[in-house]
Amino acid sequence: MGGLARLEYRGYDSAGIALADKEGLTVLKAVGKLANLDEALSDAAPQDAVAGIGHTRWATHGRPTRRNAHPHTSTDGRFALVHNGIIENADLLRAELRKTGVTFASDTDTEVVVHLIQRAYDHEELLEWDGEVPGCEGETARAAQRLVAALRSVTARLQGTYTLLVLSSEAPGVILAARRSSPLVVGLGEDENFLASDALAFVEHTTRALEIDQDQVALVTGKGVVVIGHDGRVLPLKEYEVDFASDRATKGSWPTFMEKEIHEQPRGVADTLADRMDALGRLALDEVRIPESLLRSIDKIIIVGCGTASYAGQVARYAIEHWCRIPVEVELSSEFRYRDPVVTEKTLIVAISQSGETMDTIQAIRHAQEQGAKVVAVVNTPGSTISRESDAVLLTHAGPEIAVASTKAFTCQVTACFILGLYLAQVRGNKYGDEIVDYMDKLEDVPAKIQEVLNRGENVRHFAHTMKDASSVIYLGRHVGFPVALEGALKLKEICYIHAEGFAAGELKHGPIALVDEGQPVIVIVPTPRRLELHNKVLANIQEVRARGAHTIVIAEDGDHSVDEFADVVFRVPPVPTLYAPLLTVIPLQIFACELAKVKGLDVDQPRNLAKSVTVE
Ligand code: F6R
């Protein structure tokens, strides 16, 4: 249950658990948050269970009801299964099973798999698997071997994406797992082992972990782990050390994860910047499997990502184009491959993802790699699918992000993209070494300035209390302020359930200004007055909305008093180079959304309908 609680942010519309003891399987499920399952469990948990599987759900197929909650069980109750992902040929398989007399207890795609496992297990002609089952002998070992064979024969028929965990009363101390495209890690403990979609689930018990690759099956008992390749052979174990301390994944004294994570940004950005220079004063990425000659030959960059990650990419575009003089496109991962993009061996794909498991982004990079492009991943999770499948990795060191609304991941992604831009400028000779050092020095000043903005947070929190009845908020920005406006609006939508839109400030007069009437809150991100032309344009935009009755909330640089007469409320940020401003201007917007959600009594960390890591397309 502790492990499930740590992963609850990934889906929380229902939860369930299956436990195995000598008597058979006990399955408990509850709709809603994990606390409801905890209650059900306190009355009915078997005392001698030796293995268990659990799941928190984010509904894809079938409404979030008890009957659709995982684990799903075979008709005879001997097999239980949890699943992440989508089985794309579920309809076909369901029809086939119905013909053999199976009746379905749920509307999910998952349920077909457990019935197929039962059918395969009981089938006389099942191909045998005869590997070792750690700590098991006799009947139990034979049952476990049979289960491996059954699972392998079933996964061969599945289309789509999955991580599956299977428990059976035939071999009560054994858990089997299989994965294709969805995440799965194994944790190695003392006389206990763990399986999870994220190491976070077991990090308080062990930091020793195993990678499980595509189309592999893992057999796990308390005594050991066996990893089986697609050809049935036992594979050497690929062990690694999980590198975050378990306390970074707890709230500590903060009321919510989101507040904790907002305040962790100075550290996250500083950690992301740390140790990037080698002994010769040259920038380095974490892991690069792309020759420098190839990086010199690229003629286009396409940045892919979803939601907040894509907004980080939009900020990055301004910097990379300016520093490297390469055209940069930013595309939502989910749209990328469907528009038949022009991708060649000279295209560099930059995939941005906090989790490293977002299915839309995984599919985007696979599509690009098929066309011969190289992929640089900007990810926060080492060992994740995106980091493993990419040709180069630049890690953001934000630490685990638990609140569903992304905050520190955004600022760390922007920082990492700046490093990438400077790295490319170095490799391609667009900037001299001393210029790069200068850019890096100024970037290293940013964490302290983020801290200053955080220290001024009380003003923003106070303002949030005045906005509790707002039903719509408009965000405006220009240049790098535009993606910040989009990000600010996204935060408000996702945790306050308030309709919010971010617009390019100059675009407003081409339509959206019709939305503005008396009292409409409009938040404007004002660029530094040192970029006078840009600054004056935004000032003019504030006046346009004000003239139509808008309530104007302005984020402006310290000392920029030209905004005073047009602003009902002003939040200040310290001066930084124009391109770095998003790292500061986004902070008041994060604090505002977080505080407003609290004022409205909403669940800040786990907003409705959402899940932290979207592992389905
Ligand atoms: C918004 C948010 C999402 C994610 C998006 C991508 O606050 O968290 O928009 O940014 O789902 O997730 P990752 O970065 O894990 O690929």
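In this text the structure is predicted, and so the values were computed from the model without any measurement.
The two residues V427 and E292 make their nearest non-hydrogen contact at CG1-O, 3.8 Å. Residues G52 and I175 come closest through the heavy atom pair O-CD1, 3.4 Å. Nearest approach of P382 to S387, heavy atoms of both residues: C-OG, 4.1 Å. Between G356 and S353, the closest heavy-atom pair is N-OG, 2.9 Å. Scanning both residues, L4 and G16, for their nearest heavy atoms gives CD1-O, 4.2 Å. The minimum heavy-atom distance between G85 and S182, with the atom names listed, is CA-OG, 3.9 Å.
A side chain to side chain contact (heavy atoms under 4.5 Å, CB included) with P134 holds for exactly one of V174, N193, L219; it is L219. Each of R57, E357, H55 was checked for a side chain to side chain donor-acceptor pair (under 3.5 Å) with N84, and the lone residue meeting it is H55.
In this model, no donor atom of one side chain and acceptor atom of the other lie less than 3.5 Å apart for E8 and T56. Remark: the T207 side chain and the E241 side chain contain an N/O donor-acceptor pair separated by less than 3.5 Å. S106 and R66 share no donor-acceptor pair across their side chains, judged by distance under 3.5 Å alone. A donor atom on one side chain and an acceptor atom on the other are not found under 3.5 Å apart for S333 and Q363. A donor-acceptor contact closer than 3.5 angstrom links the side chains of T75 and Q118.
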Practice problem: Please assess L81 against H70 for the test side chain to side chain contact (heavy atoms under 4.5 Å, CB included), listing each intermediate value before the final yes or no. | Solution: CA-CA 7 Å; L81 174 136; H70 301 212; 5.8 Å; no
Quiz item: Can you check salt bridge (Lys or Arg N to Asp or Glu O under 4.0 Å) on K22 and D48, steps first, answer last?
Solution: CA-CA 8 Å; K22 283 200 290 293; D48 302 317; 5.7 Å; no
Exercise. Step by step, work out the side chain to side chain contact (heavy atoms under 4.5 Å, CB included) result for R388 and D213.
Key: CA-CA 10 Å; R388 276 190 278 160; D213 285 332; 2.5 Å; yes
Practice problem: Before giving the answer on salt bridge (Lys or Arg N to Asp or Glu O under 4.0 Å), spell out for E192 and K223 the whole-Å C-alpha distance, their side-chain angles and the decisive distance to 0.1 Å. | Solution: CA-CA 7 Å; E192 56 176 4; K223 296 291 175 205; over 6 Å; no
Practice problem: Show the numbers, then the answer: is there a salt bridge (Lys or Arg N to Asp or Glu O under 4.0 Å) between K408 and E401? | Solution: CA-CA 7 Å; K408 61 178 181 172; E401 193 181 64; over 6 Å; no
Practice problem: May I have the step-by-step check of side chain to side chain contact (heavy atoms under 4.5 Å, CB included) for V113 and E111, ending in yes or no? | Solution: CA-CA 5 Å; V113 186; E111 196 187 341; over 6 Å; no
Exercise. Take D360 and T358 through the test side chain to side chain donor-acceptor pair (under 3.5 Å) and record every step on the way to the result.
Key: CA-CA 6 Å; D360 288 319; T358 299; over 6 Å; no
Practice problem: Carefully, step by step, assess R179 and D215 under the rule salt bridge (Lys or Arg N to Asp or Glu O under 4.0 Å). | Solution: CA-CA 6 Å; R179 77 168 281 248; D215 291 318; over 6 Å; no
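Here L420 contributes atom CG and L394 contributes atom CG; the two are 6.0 Å apart, rounded to the nearest 0.5 Å. To the nearest 0.5 Å, the span separating OG on S355 from CG on N380 amounts to 9.0 Å. Here the CD1-CG distance, from I228 to L235, works out to 8.5 Å after rounding to the nearest 0.5 Å. How far CG of L97 is from CG of L92: 10.5 Å, rounded to the nearest 0.5 Å. Between the OG1 atom of T407 and the CD atom of Q354 there is a distance of 9.5 Å, given to the nearest 0.5 Å. Atom CG of L395 is separated from atom OG1 of T381 by 8.5 Å, given to the nearest 0.5 angstrom.
Using a 4.5 Å heavy-atom cutoff, the side chains of R180 and T161 are not in contact. Side-chain contact between V376 and I349: absent, with no pair of heavy atoms (C-beta onward) separated by less than 4.5 Å. A heavy-atom distance below 4.5 Å is found between the side chains of I301 and V350. Residues V133 and V226 are not in side-chain contact: their nearest non-hydrogen atoms beyond the backbone lie 4.5 Å or more apart. When side chains are defined from C-beta on, V186 counts as touching I212, because their heavy atoms get closer than 4.5 Å. Contact check for L41 versus I17: side-chain heavy atoms found under the 4.5 Å cut-off. Here the side chains of L195 and L184 are in contact, with some heavy-atom distance below 4.5 Å. In this structure, the side chains of R78 and Y121 come closer than 4.5 Å at one or more pairs of heavy atoms.
The environment of E128 atom CD is dense: over 12 non-hydrogen atoms of other residues, nucleotides or ligands sit within 6.0 angstrom. For D76, the CG atom is densely surrounded, since the number of other residues' heavy atoms within 6.0 Å is greater than 12. For D275, the CG atom counts as loosely surrounded, since its 6.0 Å shell holds 12 or fewer non-hydrogen atoms of other residues, nucleotides or ligands.
With ring centers used as reference points, H115 lies 6.0 Å or more from F79.
A salt bridge does not link R289 with D391: every distance from a Lys NZ or Arg NE/NH1/NH2 to an Asp or Glu carboxylate oxygen is 4.0 Å or more. Between R63 and D107 no salt bridge is recorded (no basic side-chain N to carboxylate O distance below 4.0 Å). No salt bridge links R146 with E170; every basic N to acidic carboxylate O contact stays at or beyond 4.0 Å. The pair D109-R94 fails the salt-bridge criterion, with no side-chain N (NZ, NE, NH1 or NH2) lying under 4.0 Å from an Asp/Glu carboxylate O. Ion pair R142/E139 flagged as a salt bridge, since at least one NZ, NE, NH1 or NH2 atom sits closer than 4.0 Å to an Asp/Glu carboxylate oxygen. A salt bridge is absent between R608 and E494; no separation between the charged side-chain nitrogens and carboxylate oxygens falls under 4.0 Å. Using a cutoff of 4.0 Å between basic side-chain nitrogens and carboxylate oxygens, E335 and R339 are not scored as salt-bridged. Note on E345 versus K374: no salt bridge recorded, every NZ/NE/NH1/NH2 to OD/OE distance being 4.0 Å or above.
Judged by distance alone, the side chain of Q47 and the main-chain N or O of A45 form a donor-acceptor pair under 3.5 Å. In this structure a side-chain-to-backbone donor-acceptor pair under 3.5 Å is missing from T140 to C136. The main-chain N or O of H397 is found under 3.5 Å from a side-chain atom of T272 such that the two form a donor-acceptor pair. Without hydrogens or angle criteria, K29 side chain to A15 main chain gives no donor-acceptor distance under 3.5 Å. When atom types are taken as modelled, the side chain of H123 and the backbone of E125 share a donor-acceptor pair closer than 3.5 angstrom.
Here T155 pairs with L151, L158, Y162, L164, A178 under the side-chain contact (heavy atoms from CB on, under 4.5 Å) rule; sequence neighbours left out.
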Donor-acceptor contacts under 3.5 Å from residues 31-40 side chains, at least two apart:
from, atom 1, to, atom 2, distance (Å)
K33, NZ, D603, OD2, 2.5
K33, NZ, Q606, OE1, 3.4
N36, ND2, V31, O, 2.7

